[in-house]
Structure formats: C-alpha cells, structure tokens
> 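My questions all concern the structure below.
Please read all numbers here as calculations on a predicted model, not as lab measurements. In the text below, chain A, chain B and the rest are named by the order of the sequence lines, each starting its count at 1. Keep in mind that the numbers below use all heavy atoms, side chains included, and drop hydrogens, waters and symmetry copies.
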Amino acid sequence: MKKQSSKINTVIPKYDPSLVEKKWPHFAKASRSKQDYNPQEIEKKWQDYWNKNKTYQPDLDANPSVDSAGSPQAGSLRQGSGQAGQGKPFYNLMMFPYPSAEGMHVGNMYAFTGSDVYGRFKRMQGNDVFEPIGLDGFGIHSENYALKVGRHPKEQARISEENFYRQLHAIGNGFAWDNKVETYDPDYYKWTQWIFIQLFKKGLAYRKKASVNFCPSCKTVLADEQVITGKCERCGSEVVKKDLEQWFFKITDYAERLLNNIDGLDWTEKVKIAQRQWIGRSEGAEVEFKVQSRQGRDKINVFTTRPDTLYGATFMVLAPEHPIVASLLNSKFKIQNSKFNEVKEYIKIAQSKTEQERIAEGREKTGIDTGLTAINPVNNEEIPVWVADYVLMGYGTGAIMAVPAHDTRDYEFAKKYNLQIKPVIKPIEDFYIGYVKRAWSKDFDKFIKELEKLGVRFKEKNKDSAIYEVKEKNLLRFIEIAKESVLQNAWHDLVGEKLIVIFGDGEIASIELFEENNPVWEKMKTLEKTVRKYSDIWEMLYESAYRERVCYLGSGEVINSGKDWEDYFVPDAIPKIIDDLEKKGIGKRKIHYHLRDWLISRQRYWGPPIPLVFCENCAKKIKNQKSKIKNEGGFNKGEIGNPGWIAIEDEDLPVLLPDVKDWKPKGTGESPLAGIESFVNTKCPNCGGPAKRETDVSDTFLDSSWYFFRYISTEINDVPFPSPAFSQTQQAHAENDARSGSTKNQSLHGSLSETLSKTKDLKSKNNQTAFNSFSNDLPSSSKIGNSARTAAWLPVDMYIGGAEHSVLHLLYSRFITMVFKDLGLIDFEEPFSKFRAHGLLIKEGAKMSKSRGNVVIPDAYIRKFGADTLRLYLMFLGPFKQGGDFYDTGIEGMHKFVKRVWTLVHNVILSKAKDPDSSAKPQNDRFDEAQRMMHKTIKKVTEDLEELRYNTAIASMMEYYNFLAKEQSISKEQISTFIKLISPFAPHVSEELWHIIENQNSVHKASWPGYEEKYLKEKNSNIIVQINGRVRDVLTVDLGDVNDKQKITETASRSPKAQKYLDNRPIQKIIYVPGKIINFVLKELPNGNG
RNA sequence: GGGCAAGUGGCGGAACGGUAUACGCGGUAGUCUCAAAAACUACUGGUCGCAAGGCCAUGAGGGUUCGACUCCCUCUUUGCCCACCA
C-alpha cells in the first residue's frame, strides 16, 4: 500500500451550523456543546438507554418455530433483520462467575468481553441473541471468602452480588438482565434440590463410605480442588483423610455415553481430550485369584489391561482399604501373630499418612507381606499376597496381580522386597541401536559408512548422536564392527556414554558400555564375553536390561506362558487370552473407567440442603420387605436402594437453608446444620413418623450443572425450565413475575423463624399452582419433545469459558443434561453445541494471583479510560483463545486509538475537507481504493470474529482507520461501516457515534455489513521474482496479464535486478504461481556461489 | 511419569507452503510551544556499506520442497492440565 503523506487532522473543528445542519441533521439535533470524548458520560448514557429500551432482552417466546439446528451457519454473511425477535434464536452463554466481594477480576472481564463481542456480532448478523448472566454464589469458594472476612455468607452474598452486578453493568455487555439467576436464591436451589430428588428416585444417588480430605486446623472437610499438594488451600496445614458416609451420583453409569458423544461435539479439541482422559476408559480382563489360608478359601478379583502377562504375575498386591485386608485383621484368615501385628501396623500407618507425606516420600513404595498366598489361575503357582499403598482402592478392584518384569511400579516393588521377576514378553525382531557421542571424529564417520554397507539402516544422525536401525540377526556383526572401531580408537570419545537399545515398540534399556573409571579395553572385554556367551541376542540384551534395572513395557512375543499362548504377538494375544479365561471361567472381559462417581455431599453450610430425610420406620419396613417392595410402587428406587432415606415431597421444596449464626464448619465431620434441632427433626413424608433431615449440602458443581436451563425460565416459578413434562404449568408463569422482589430478599436476610414461615407460604402457594402436579405426571404421562421455548433456545449455541473447567463443570453439565433427557424432560442430551475455551490473561509476564498481589481489578481502568477502551485492549492484547499479557502502557495506546476514532468521525461531520457527499460523485482511483479497503476490512473482521481472532480483527480496523484518516474525503458509508465493525468491541462509543450520524435505533441492532468479492480485487498484481528461491525483485503486473506465464516470464527475466542474478546461467526450471510468484531455478554450478 | 500447548524484534504479538516481523507498545529525531504535556511527522530486527545494495536472523539439528515460522523426524526449553489408573 502506498503511503499517503497528507496529514491526519486531529483537531475537531468548531461547530458551524450552516455547514453541518443540512448534511448531518442528527448531529445538529444533538446540539452538543462539547465534542470532547468523555467515556464516563457516554457509557452511562447508553447503558441507561439500553436498559430502558431492553435492547438486549429477547422475547423468549417469540420463536415458536422449532429449529433445533439452532445456530446459523458459521461465517454466514446474510444481512440481519435488524429487529430483535425476528431472527434465529442464538443462545450465547458464558460461564457465570462466582462472585467475591473483592470484585471482578480482569480475567473475568476478559472472558465476558470475548463472549459478548461474539454475541453482538451474532446479533448484528440477524440472530436473536440471548446472553444471560448470573452468579454462582453458593458453595465453598464463597463460604471460604466469608470465613476469611468474618462475615455471614448470606451477608457476604448480598454485598458481593451488589458489587458484582455493578461491575457487570459497567463493562457494557449486552446481558439479558431480566433473566439473571443466583444459585443461592431459594427459587433457584429449589430446583437444584428437585434435580437431586429426580436422580435419587431414578436410583442414581447412593450412600457410601468414602475417605475425604479433612483439614484438622480448619476443622473441615475439603474438596479435592482445595487441597494443594497435600495442604489446605486456606491455612496451609496438612490435610488428612477421614472416612465418612457420603452421597454419590452414579455418573459412571453414563461413562460410555459421555465418552462416545465427545466425538460429535464442536468443542475446543484440548477440552475434548481432557474429558476423554478424565473418563479414562481402559479395556482388559478381570481375573479371579484364589486365596489360600489355613482355615479357608476366598477369592480376589484383579483387573488388568495386560492379561498377556498373567504368567509373569509373581505376587499380588492389595490396597490397604481392601475388604480382604479388613477381614484379615478380623482373623478370618488366622495368620501368624507376628504377621498379624505387622500388617495391622502397616495399615495403620498407611491410613494415617497425609497426602503431603505420600508426596514427600517421592513414591517410594512400601508394603507388607500378609503371609497369605494366592493361586495364579493360569499356572497354579502359589504367589505371595502383599499389602501396599501404591495400589488404590478407588480404581479397578483395589487389588492387582503384580508383573514386575513388565510394569515399572511392580518392578520397583519387587526390587525393593526381593520378589521374583519373570519375563514373559519378548521384544520382537526389529530394534534400534544407538549410541551417544560428544564429538565426531573422521574415524567414526568411516565406521558408520562401513555399517551402512552392511545394510544397517541409517536412522538419524546429528551433532551429538546417531541412531541406527539394526536387525536382530545383524546385531552380532554390528557389535563386532563396533568393537573394531573402538580398537581403532574411533570411539575414544565414548567413555562414560551409553549404548541405548530401543526395541520396535519402545525403549528398553541403556546399557552402560563404558563406566567413567574404566578404560575402554576393560569394557570391551566384558562386551566380547557377553557376545560369545549368548548366541541368543535377545537374551543378552534382556540380561543387560535387567542389570540396568529396567523392565520391558513394550509389545512383543508372548513367551514362558504355556503352549496355548506362546509366540502370539501381544495385540493378538490379549483378546485370545481373555476368551480363554472366559471359557475356563477364571476371568472375564471388563472395561474400567478412571471416572469415579460424583461425590455430591459436603459437610458445609453454604449450599442447598440435600432434600432427604432419614426415617427409622421406613428403613425397617424396606429392609423387612425388600423383595416385595421391588415389585410394588410404594417406594422409589432411591428409597429402596438407600433404606430409610426418603425424598422430600415436591410441594415441600425448597428445603430452605436455615439462617443461623453458627454456620462455621464443625470439627466433627458433620455439617453445621446438624446442630440445629429445629431443622433436623421433621416428619417422614412417607409414613408421617419422626424423621431426621439430611444435614449435608450438595456440591456447588451441582448448582452450576444446570443453570443454563434456568436462564430461559427465570420468571417461571413452578417448573425448573419449560418442558412438555410441565405443560400444565404454562399458564401460571405470568402470575409469578413478582417473585424476585419479595421472596428472595426475605429468604436471604430473614431470620430462621422467618425462613421457616416462608416455607409454609411457599407450600400453600405451590399447592394452589401446578407445582404438585408435575410430580404425578413424570415421566410417564409426558411425551418426549420440547416446549417451544426450550426447543427454540437450547442447546446452547455458543459457550465460552475457561479451560480450567474442561473436566468437572463441563462433564457434570453433560451428565445432568443426559439425565434430563432420560427423564423425558428434553429431547437432546448434549447441552453445549459449541464450546470454546479462552486463554489465560497474565500481568506483565506473570500469572495473576492474590499472593503475587498483581491481580488487576478493572474498575480503576474503566474509570480512567472507559469500558470501551478496556474492552478493546483486552481483546487486542493476544489471541483470545490463547490468552495474553496485560500491560498498563498498552491500554494507553488503545485509549489513543479510541480518541482518534472519535475525532475522525467528528472531523467528517464538521470539516469541509471530509465531505461525506463528495465521494459519491467521482468514481476515481481514490474512491476505488477506499471501497477496496472497506470491503477488505469487512471480510477480515467478519472472518476473524467468527473464529474469535479478536486481536487481528482489531489490527485490521486500525489499518482501516489509518487509511481513512489520511483520506481527503470519506463517504458516509465508509464511516458508518467502520462504526458498525467496531461496535461489538466498543459498544458505547460506537452507539454515540452511530446516533449522531444515523440516528437509527441502535448500532447493535443494525445489520452487519457484507462484502463483495468484486471490490476486493486490486488493479495491479504484485509478482515476486525469485532466483533460486530468493526474492530479487517485485513486478507490478496488470491484472489482465496475470495468467500469461510467457509474458510474465519475459518481463521478469528482463528485470535488471533479476538479470544481475540470472547472469545468463542455464535455467533448470521456472515455477510460476499466477499472481504471486515466479521462481527461476538455476542449474547448480560446481562451486555454487549462492 | 502421562497428556496438551507454545518457543518469531527491546516488549505484546502478525504471517492460505510464496516479499517474515502486520497491528500496537516502547525508543530516537523532528513540527507546534517561552517551556512542558498532548497531538502530529519520520525512522526503528541484526550486520556490512557513503550509497545502491548485500549478507544473517522465526529455540537447536536434520528431512521433504523450486521455495519452510508454517509440513515430517530428533532434541531442547517454557507454560498448562492430570498423575502410583494396574
């Protein structure tokens, strides 16, 4: 692009009514006295305007047409309708924040802005965009913060809410404020509890003893994510394990479905990989080992992915928590007294170990022989049974068969306790031999050439090392040559280096050929002996590997494993062996998942109480008549599976969180609610007898696993979200509009008695509505299908959030959605059609953290520069999907840019030089160039926005600005296009400028500009002239000649600059890429001077 | 230990296999000013050269190609996630 020398006019001219009024009536109407850019004033003005006009509030019921495809085609350039309610529903969701009173982190704003830019873009493309916001205010984060500042969580929630919503307003996002949710709102958690009950009834909730993290100093149970390398996140003291009864959700029942669906999701690949890994499917076999003791027999099942190594199993290891171990201590197996005490002692130590200790031990394996023996079912060999804490109760069966020859952990353990090691897999024929060398010598190169003659395949060679591929049969010869070369001193540099032997499927060993103190000769003698001694090369290498304390993990041939399995190749052996095991009845095919059931209960205060009661009466009843009940209807699956636990009736929801003073975690492992008698003691919903409430609250991840459903139904009080299952309730919606004002505030700030009385109110109110009716018609009477609203808006079209939620939140949401489908509430099972993870924002090279004290709070920047500047800067500082670095100087530069844009637009209006009409007349070069620039920018910005490449979109707008600023005249189209393009990033200033130019509704409802290919073409084409791939000249060629290779070649070769290099030398080849490049490849000259 | 990213000027970062360093920050000089700030103008990877121009540069080393930041191997560094997963 040619550089224009004309000066950019940066002074806003005085307002001259006679000049302006005719051409810019809207500007004149605005009759502004000051034309300086004042972000505070402008941003307040337009935020008020948007609120008043409900600019971003779609009519959720305006789209009765069911089009489950949802989002319009990516990159669609169709013109928008310009009116909300007419476009296609587009659910633009961002992960809602958990609020802290410290205020919104700039990282939050980064994510929200990125999401909002996309939403605004989609809105201008003609979609009816729904962009809701809420607060994930329940849960451990918020409670911990309350603990820290010494305030009641409810009080803290009120403060945080106010502060957070103020900030969320200030950043200028196009939120649908009518639809906000807070997870601690009883009208919200009523449904969280309802969902819990649905899972319970479906048999997806159960109780189990689990060891949980416990901080002795804070006297509280901690979630896994609060344990940082074995220490409490809050106080830093060491975390211990404690066994407690806990509620679990059977997410593992959905493991296969959760895994299989991943392939079809349009999600950030990284997140998909993380989910697959988290689910961690592994195929293998469960094999039964008989255990012998003096008094009896028992069996232990083990899970293995390597049944091919069964013959190599030389001992067994049990987890300390394994039930057999417990029975051992009950003397069921009556082992010798000495062992009894040792085992008891070991288990005691293992269980008292803190996480920190286990990490500090560097995974040094410990264990104890139980004195028991097991029978290896394939060869009937007796093998010892050990207990060791490297085996985990939580995976597989909590017991393993140990194959030290082919598993590193078993190997380490066997080495330490001198247990038998028996190799059963032989590496296959191909392997590589390599050696490392610090400096080449000429002799060494000779040696290599000799090897190559032998047919040894060259694999790799660089400055420091070489790797050769050698067939097993050639190995002897290889070593001989190596030996010779050493004797010839070619290897003199090799002292202290290693010979690395790599088999076809992975590294096996590094053999120390030359130890530091030994002379070369000594070592070679050893090698010579070795070579002679072992005619079977593999054995030699195996021995070497064995000496090197390495076990072989790779694939190969099965050996030492009986006639049936010998000589099979591992991949073929595994299925065959499993078949054999099944035939013999000693094992079966089994799939295991790394995914564990979801531990849902928390012994905490700040969460939705789990809506169950325990009734002794019903417990007895169920236990006594279990077999009968199964076939009758009286109890649901959850109640039968968990005798005595009875679900709260729907009309009694919510179970309000009592408003109490003593809310801090107890040291007992019980929830603070357990101490409140008026809460605990209640009636059994089933038999009416005395019962006790569950006092645990549910995990905060449950709150956030369904919030996107609630957004579309916030004004509806008697269903969680619109669904045909709740069809009877549609009428009642409107009546409940008043909910947020009255009920919520009471419940948040009321006393215990108030909240209890409110429970009554709710009850009676709900009884009048259809609230209790839906439980009757679920799920049988409902037809599978969607209500119009759910069909129109869900699943979410675009979900943007942090990669830190790759696993838990996204997986739990998917699980809950699947359960909803299975309940017949919806007809889809994946909640987020498209998900994109944004990157991490850092501050001047360092991660933002409280401990570093470099957390950026956006408020001060918004006050100083305005939200528009900050938004633009955040989007500019790096690729949105990758994150970026926040520099204070950078934001000042962006502020300049915003001011320049402001000035430019005012200049267009107020100055003669920038006459908006003049460009309408002359179809000259400048006009064409301006058109081209405009269309080019539209194309670039449009494509970049679709792919979330915000930084380059802004860069291209800057280029466009730089172009416009130097133009003598700018058309109205040019300037209004510019405003439209920048409006998703800078919503306020663009709205202001839009109104003084166009005075239409809102720039945010204007249609996104389209571009036409015909304007993108340049008149001339620049063709790069290369000689031997090096740029020597650039030709400017008329567009018409671009495809004429002959002509281009002639022109190019005549170019003086090219001539200099062509120098009449013979041309071997001419590469011509039309319109781009012509490359002359010259024949190489002997002493090529290139 | 496993998985996933990423290494480009002083800095943040651009580059469908085709003029590396767009855009911005910072810096230098200048215009305006009594002066400063702001704003604007010009220059700004390294190196040799008066200049024209040349040469060298995308973590390191190889490979593929007429041509490699881009594709393929090997290594290395950094960041993130998971981690005794049988």
> Measure CZ/A:R1032 against P/B:U19 and give the value in whole Å, please.
15 Å

> Can you measure A:L810 atom CG to B:C81 atom C1' for me and round it to whole angstrom units?
14 Å

> Could you please name the option among B:G18, B:A86, B:U41 that lies closest to any side-chain atom of A:K966?
B:U41

> According to the side chain to side chain donor-acceptor pair (under 3.5 Å) rule, which pairs have a member within residues 870-891 of chain A, sequence neighbours left out?
A:D116-A:R871, A:N173-A:R871, A:Y861-A:D888

> Please give the distance between the P atoms of B:G17 and B:C82 as a whole number of Å.
33 Å

> Quick check on B:G54: is either OP1 or OP2 less than 4.0 Å from any side-chain nitrogen or oxygen of A:Y1061?
yes

> Using atom CG of A:D389 as one end and atom P of B:A86 as the other, report the distance to the nearest whole Å.
18 Å

> If you measure from the P atom in B:U31 to the same atom in B:A36, how many Å do you get, rounded?
11 Å

> Applying a 4.0 Å non-hydrogen cut-off, can you work out what A:L877 is touching in the nucleic acid: base, sugar-phosphate, or nothing?
sugar-phosphate

> For A:N1022, answer base if it contacts any base atom (sugar-phosphate contacts may also be present), sugar-phosphate if it contacts only those atoms, and nothing otherwise; contact means non-hydrogen atoms under 4.0 Å.
base

> Closest nucleotide of RNA chain B for A:M958 versus for A:D885: which of these residues is on the 5' side?
A:D885

> For nucleotides 64-72 of chain B, give me one character per nucleotide, 5' to 3': B if any protein heavy atom sits under 4.0 Å from the base, S if the only such contacts are to the sugar-phosphate, - if neither.
--B------

> How are the rings of A:W386 and A:Y417 set to each other: parallel, tilted or perpendicular (split at 30° and 60°)?
tilted

> For the pair made of CZ in A:R949 and C1' in B:A14, what is the distance, rounded to whole Å?
12 Å

> Can you say whether a donor on the side chain of A:K365 sits under 3.5 Å from an acceptor on the base of B:C84, or the other way round?
yes

> With both distances under 3.5 Å as the test, what is the Watson-Crick or G-U wobble partner of B:A35?
none

> In chain order, what residues pass the ring pair (Phe, Tyr, Trp, His ring centres under 6.0 Å) check against A:F876, with sequence neighbours excluded?
none

> Please tabulate, one pair per line, all N/O donor-acceptor pairs under 3.5 Å involving side-chain atoms of residues 804-811 of chain A, not counting sequence neighbours.
{"unit_1": "A:S806", "atom_1": "OG", "unit_2": "A:A803", "atom_2": "O", "d": "2.3"}
{"unit_1": "A:H809", "atom_1": "NE2", "unit_2": "A:Y799", "atom_2": "OH", "d": "2.7"}

> Counting any heavy atom closer than 4.0 Å, what does A:G893 reach on the DNA or RNA strands: base, sugar-phosphate only, or nothing?
sugar-phosphate

> In whole angstroms, how far is the C1' atom of B:A39 from the CD atom of A:E892?
15 Å

> With a 4.0 Å cut-off on N to O distance, would you call A:K939 and A:E943 a salt bridge?
yes

> Quick one: is B:G24 close enough that its OP1 or OP2 comes under 4.0 Å of any side-chain N or O from A:N962?
yes

> Who is the Watson-Crick or G-U wobble partner of B:U41, with both distances under 3.5 Å?
B:A29

> Picking from B:C40, B:U19, B:A86, which would you name as closest to the side chain of A:T304?
B:A86

> Under a 3.5 Å limit for both distances, which nucleotide forms a Watson-Crick or G-U wobble pair with B:A52, could you say?
none

> Can you name the ring pair (Phe, Tyr, Trp, His ring centres under 6.0 Å) partners of A:H322, sequence neighbours left out?
none

> Go ahead and name the base partner of B:U65; Watson-Crick or wobble counts if both distances stay under 3.5 Å, otherwise write none.
none

> Quick one: on RNA chain B, does A:W278 or A:I273 contact a more 5' nucleotide (nearest heavy atom)?
A:I273

> Could you check which of B:A14, B:A86, B:C23 has an atom nearest any side-chain atom of A:F876?
B:C23

> Between B:U19 and B:C69, how far is it from one C1' atom to the other, in whole Å?
15 Å

> Give the rounded distance in Å between these two atoms: CD of A:E321 and C1' of B:C84.
13 Å

> With a 6.0 Å cut-off on the ring centroids, do A:H592 and A:Y395 count as close?
yes

> For the pair made of OH in A:Y950 and P in B:A14, what is the distance, rounded to whole Å?
15 Å

> What is the base-pairing partner of B:U19, counting Watson-Crick and G-U wobble geometry with both distances under 3.5 Å?
none

> For B:G1, does OP1 or OP2 lie under 4.0 Å from any side-chain N or O of A:R409?
no

> Looking across every strand, which nucleic acid part, if any, lies under 4.0 Å from A:Y887 by heavy atom: base, sugar-phosphate, or nothing?
sugar-phosphate

> What is the separation between atom CG on A:L840 and atom P on B:G79, rounded to the nearest whole Å?
13 Å

> Can a cation-pi geometry be assigned to A:K899 and A:Y37, taking NZ or CZ under 6.0 Å from the six-membered ring centre and within 45° of the ring axis?
no

> Of the listed nucleotides (B:G53, B:A86, B:G18), which one gets closest to any side-chain atom of A:I400?
B:A86

> Could you measure between the two C1' atoms, the one in B:G49 and the one in B:G67, and give it in whole Å?
29 Å

> Across all strands, who's sitting opposite B:U58 as a Watson-Crick or G-U wobble pair, both distances under 3.5 Å?
none

> Searching all strands shown, indicate the nucleotide that pairs with B:U78 (Watson-Crick or G-U wobble; both distances under 3.5 Å).
B:A5

> From C-beta outward on A:K270, which listed nucleotide comes closest to its side chain: B:A22, B:C4, B:A86?
B:C4

> What is the ring orientation for A:Y110 with A:H838, classed by angle as parallel under 30°, tilted 30 to 60°, or perpendicular over 60°?
perpendicular

> For B:A86, take OP1 and OP2 only and decide whether either is under 4.0 Å from a side-chain N or O of A:Y395.
yes

> If the glycosidic angle is within 90 degrees of 0 it's syn, otherwise anti, so just tell me which one B:G9 is.
syn

> Which residues pass the salt bridge (charged side-chain N to carboxylate O under 4.0 Å, His left out) test with A:D944, sequence neighbours left out?
A:K940, A:R949

